Amino acid sequence: MSLFFALKFLHLIGAAVLLGTGAGIAFFMLLAHRTGDPQVIGGVARIVVVADFLFTATAVVLQPITGGLLARLDGYPLGEGWIVLSILLYILTGAFWLPVVWMQIRIRDLAVAAARAGTPLPPAYYRLFYSWFAFGFPAFAAVLGIFWLMMTRPSIEAWPF
């Protein structure tokens, strides 16, 4: 197996993990939220937080490493338009993902506390959940944009900077 193929394989697996884990987390959190049951929400959010740290965080670290090495081995300069745009979208995704991780932890803690106390979910839970949900759209759209750029490698010549 060549180094290029191994890096490409790892890069594609990482991309699939980012997209799949993001979609899966959103799906399960939404379904848990719809139950309105603090115990269900707390349990699902606990798993979501672990999944984000195990899978998403690992892929987030490996993607720029494998991507940079692939570009170098394939002869693409990092200043290539589609690569620059991919990097900008990756940064945008991270800008939305980092707060989401904190929100998931708070959602988990609020739901667990409500379940233990036998009380309804507090208003802070709902504010966090709706913010969490809203943050997912630009992050997910940016990841889809990166997928498109990686697959099509369009010629992007003029940059305003």
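In this text, all values refer to a predicted model and were calculated from it rather than measured experimentally.
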Seminar exercise, completed: What one should report as the nearest heavy-atom pair of Phe53 and Val101 is CZ-CG1, 3.7 Å
Problem set entry | Other residues, nucleotides, ligands: >12 heavy atoms within 6.0 Å of Phe137 CZ | no
Exercise. In terms of the angle between their ring planes, are Phe133 and Phe129 parallel, tilted or perpendicular, with boundaries placed at 30° and 60°?
Worked result: parallel
Exercise. Taking all atoms of both residues into account, what is the closest heavy-atom pair of Pro99 and Gly94, and its distance?
Worked result: CD-O, 4.3 Å
Exercise. Between Tyr76 and Leu70, is a side-chain contact (heavy atoms from CB on, under 4.5 Å) present by the stated rule, with each step listed?
Worked result: CA-CA 8 Å; Tyr76 285 105; Leu70 280 170; over 6 Å; no
Exercise. If you round to the nearest 0.5 Å, how far is CZ of Phe55 from CG of Leu18?
Worked result: 12.0 Å
Exercise. Would the Tyr130 and His33 ring centres measure less than 6.0 Å apart?
Worked result: yes
Problem set entry | In one Ile/Leu/Val/Met/Phe/Trp/Tyr side-chain cluster, 4.5 Å: Met103, Ile25 | yes
Exercise. Is the Phe135 to Trp132 ring centre distance short of 6.0 Å?
Worked result: no
For this session: Can you see which heavy atom on Phe147 is nearest to which on Ala16, and at what distance?
Result: CZ-N, 4.2 Å
For this session: Decide whether Phe96 and Phe27 are clustered together by the hydrophobic rule: side chain heavy atoms of Ile, Leu, Val, Met, Phe, Trp, Tyr closer than 4.5 Å, transitively.
Result: yes
For this session: Kindly give the heavy-atom pair with the smallest separation between Ala59 and Val17, and that separation in Å.
Result: CB-CG1, 4.1 Å
For this session: Check Ala111 against Leu121 and note the closest heavy-atom contact, atom names and distance.
Result: CA-CD2, 3.8 Å
Seminar exercise, completed: Smallest heavy-atom separation, Gly42 atom then Val112 atom, equals CA-CG2, 4.0 Å
